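Naming convention: chains lettered A, B, ... in sequence-line order (proteins, then strands); numbering from 1 in each chain. What you see is a predicted model, and the numbers here were worked out from it, not measured in a lab.
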Protein chains: 2
Amino acid sequence: MSEKAAQPETVENRPMTRIQRKKRETILDAALEVFSAEGFRGATLDRIAAEAGLSKPNLLYYYPSKEAVFQELMGGLLATWLDPLKAMDPKGDPRSEIMAYVRRKLEMSRDFPRESRLFANEIVRGAPTLGPVLETDLKTLVHEKAAVIRDWMHAGRIAPCDPVHLIFSIWALTQHYADFDVQVRAVLGHDDPFPGAEQHLETLFARLLGDTTA
Amino acid sequence: MSEKAAQPETVENRPMTRIQRKKRETILDAALEVFSAEGFRGATLDRIAAEAGLSKPNLLYYYPSKEAVFQELMGGLLATWLDPLKAMDPKGDPRSEIMAYVRRKLEMSRDFPRESRLFANEIVRGAPTLGPVLETDLKTLVHEKAAVIRDWMHAGRIAPCDPVHLIFSIWALTQHYADFDVQVRAVLGHDDPFPGAEQHLETLFARLLGDTTA
DNA sequence: ATCGCTTTTGACCACTTGGTCAAACCGGAG
DNA sequence: CTCCGGTTTGACCAAGTGGTCAAAAGCGAT
């Protein structure tokens with residue numbers, strides 16, 4: 001059987017040398033750069049290869065196809081994206097837990113804008129790749145955490161509102177600063193928008209959740 | 001001089017017949033459909049032509065190039081997009097004016113999701129086409145309206161916060177329901193998300209601006 | 001019917017792009 | 001050195017793409 005290229009760490013294949021793993025990392029990073037800026041169809045293997053510092057056939061030696069690169073990239077993405085929400089602790093203080101989530105999400109927009117844009121791109125296009133997993137993993141997690149938030153509200157610890165839409169709001173407000181970066185900077189004149197954004201979101205969610213101090 | 005194809009209503013050309021105008025409309029609508037779903041590079045002239053019910057060379061008879069179609073589409077878009085903000089009346093009641101803007105913007109997400117996605121796509125890609133106009137028209141308008149809002153805040157008619165980020169928030173929260181539609185529906189299970197969204201945004205902005213009734 | 005105009009189309013082209021392949025390269029073990 | 005595995009590449013291909021062009025088809029007015 002002609003195994004075309006190394007799979008992540010497949011069945012009976014050597015688990016891949018350190019160098020292989022590193023090259024694949026490099027490729028993935030280059031792919032992230034290009035895919036997030038140009039979209040799936042806009043990205044070309046040539047550009048990704050160039051960005052990674054190798055030739056197109058060489059890239060195809062490490063990944064069997066453009067699709068494959070994209071899918072591996074996408075694979076890790078959703079997990080990374082949902083981790084902060086997963087970290088929200090039902091036993092913690094409601095206000096701190098939610099605010100910590102907001103802050104963490106805003107940090108991600110600042111520190112990983114490419115990932116955010118890649119994700120946005122995928123969703124805007126109708127989630128052709130990670131569509132199925134949205135209806136399972138994502139849906140489950142959101143409803144689970146929404147239930148937690150609802151309990152907090154029923155216990156009177158934060159002001160009531162629709163907890164699912166609250167989560168949407170957090171996503172929308174934080175990711176906006178990564179995905180619509182150029183627009184934000186066009187208005188704000190190229191200063192770093194994040195300090196102001198943090199301050200604003202602090203205020204917004206404090207009031208939404210029922211501020212006790214202001 | 002060999003004029004290639006009819007321009008909008010150019011210099012010494014006939015102002016274009018009703019039929020011509022209509023065909024161009026059809027093409028523009030087809031282009032909106034395809035561009036918003038696939039992005040600029042993902043869209044093909046063949047698909048747009050097919051969607052519009054004509055052949056590729058025939059499409060090229062009405063528009064000189066793919067770029068030209070895209071640009072005309074983009075041209076009208078920003079104006080349409082900013083109109084509701086323009087409509088915010090400095091002499092009106094602060095709370096009603098802002099809430100009306102929010103509602104209008106949410107309606108647009110519901111009724112013109114393709115336009116919203118096209119816009120999102122353009123911005124995410126770094127606004128290669130309408131970049132310049134962001135730094136002029138958009139920036140000016142936003143700061144103008146931000147000033148109005150700031151006055152309202154200083155007059156104590158609504159609770160204070162950063163007015164520019166407030167506008168960003170309105171954009172983010174409303175457009176989210178168009179641009180991330182699949183994600184929203186994946187979580188909400190394909191019911192119409194808009195009634196819930198409206199209710200939620202009503203609550204959110206009421207509290208942010210200083211609710212007097214709840 | 002025929003002229004003159006706009007509209008429509010089939011055939012075609014140049015270029016890009018994802019992907020293949022056989023040959024060359026390289027670095028360590030014998 | 002030589003062999004041998006993994007690695008790298010130049011040349012190539014088929015399909016898809018944006019765009020051209022000359023010829024044909026409509027069609028209203030004479």
Side-chain angles (χ1 to χ4, degrees), chain A residues 1-10 12-28 30-31 34-35 37-73 128-129, chain B residues 1-10 12-28 30-31 34-35 37-73 128-129:
Chain A
M1 277 158 275
S2 66
E3 295 271 11
K4 189 67 42 76
Q7 288 299 316
E9 31 191 311
T10 1
E12 55 168 356
N13 271 3
R14 260 313 101 68
M16 247 196 310
T17 84
R18 181 138 285 103
I19 306 131
Q20 282 175 320
R21 220 181 292 273
K22 197 156 193 178
K23 283 245 163 158
R24 287 173 67 109
E25 287 267 322
T26 310
I27 292 173
L28 243 28
V34 180
F35 277 134
E38 322 267 2
F40 179 75
R41 296 215 46 188
T44 93
L45 284 182
D46 278 300
R47 258 188 59 65
I48 298 174
E51 194 83 25
L54 31 77
S55 65
K56 182 169 61 172
N58 198 10
L59 189 158
L60 268 320
Y61 172 77
Y62 288 99
Y63 285 93
S65 73
K66 186 183 177 182
E67 273 281 333
V69 180
F70 186 76
Q71 273 172 16
E72 180 148 336
L73 210 47
T129 297
Chain B
M1 277 158 276
S2 65
E3 294 272 11
K4 190 63 47 70
Q7 290 299 317
E9 31 191 313
T10 1
E12 54 167 357
N13 271 2
R14 257 316 99 67
M16 245 196 311
T17 83
R18 182 134 285 105
I19 306 130
Q20 282 174 321
R21 221 181 292 272
K22 195 155 193 180
K23 283 243 164 162
R24 286 174 67 109
E25 287 267 323
T26 311
I27 292 173
L28 244 26
V34 179
F35 278 133
E38 323 267 1
F40 179 75
R41 298 215 44 188
T44 92
L45 283 181
D46 278 299
R47 257 186 62 65
I48 297 174
E51 195 82 23
L54 30 76
S55 64
K56 182 169 60 172
N58 199 8
L59 188 157
L60 268 323
Y61 172 76
Y62 288 99
Y63 286 93
S65 72
K66 186 182 175 182
E67 274 281 333
V69 180
F70 185 76
Q71 273 171 16
E72 179 149 335
L73 210 47
T129 296

query = How long is the line joining CG of L45(B) and P of dA14(C), in whole Å?
reply = 19 Å
remark   = Contact string for nucleotides 5-16 of chain D, one letter per nucleotide 5' to 3', B = base within protein heavy-atom range under 4.0 Å, S = sugar-phosphate only, - = neither, reads -SBBBB------
message = Quick check on E25(A): does its CD atom have over 12 non-hydrogen neighbours (other residues, nucleotides or ligands) under 6.0 Å away?
response = no
request  = Check salt bridge (charged side-chain N to carboxylate O under 4.0 Å, His left out) between K66(A) and all other residues, then give those that pass, not counting sequence neighbours.
outcome  = none
query = With K23(A), which residues qualify under salt bridge (charged side-chain N to carboxylate O under 4.0 Å, His left out), at least two apart?
reply = none
request  = Report which part of the nucleic acid A68(A) touches: base, sugar-phosphate, or nothing (heavy-atom distance under 4.0 Å, all strands).
outcome  = nothing
ask   = Which part of the nucleic acid, if any, lies within contact of A43(A), taking any heavy atom under 4.0 Å across all strands shown: a base, the sugar-phosphate backbone alone, or nothing?
value = sugar-phosphate
ask   = Are any side-chain N or O atoms of R41(A) and backbone N or O atoms of G39(B), one a donor and one an acceptor, separated by less than 3.5 Å?
value = no
key: Candidate pair E51(A) and L59(A), rule side-chain contact (heavy atoms from CB on, under 4.5 Å), full reasoning   = CA-CA 11 Å; E51(A) 194 83 25; L59(A) 189 158; over 6 Å; no
ask   = CZ of R47(A) versus P of dT17(C): gap in Å, rounded?
value = 10 Å
key: Between dT20(D) (P) and L60(B) (CG): distance, integer Å   = 7 Å
key: Parallel, tilted or perpendicular, as decided by the 30° and 60° cut-offs, for the rings of F35(B) and F40(B)   = parallel
ask   = Rounded to the Å, how far apart are Y63(B) OH and dG18(D) C1'?
value = 17 Å
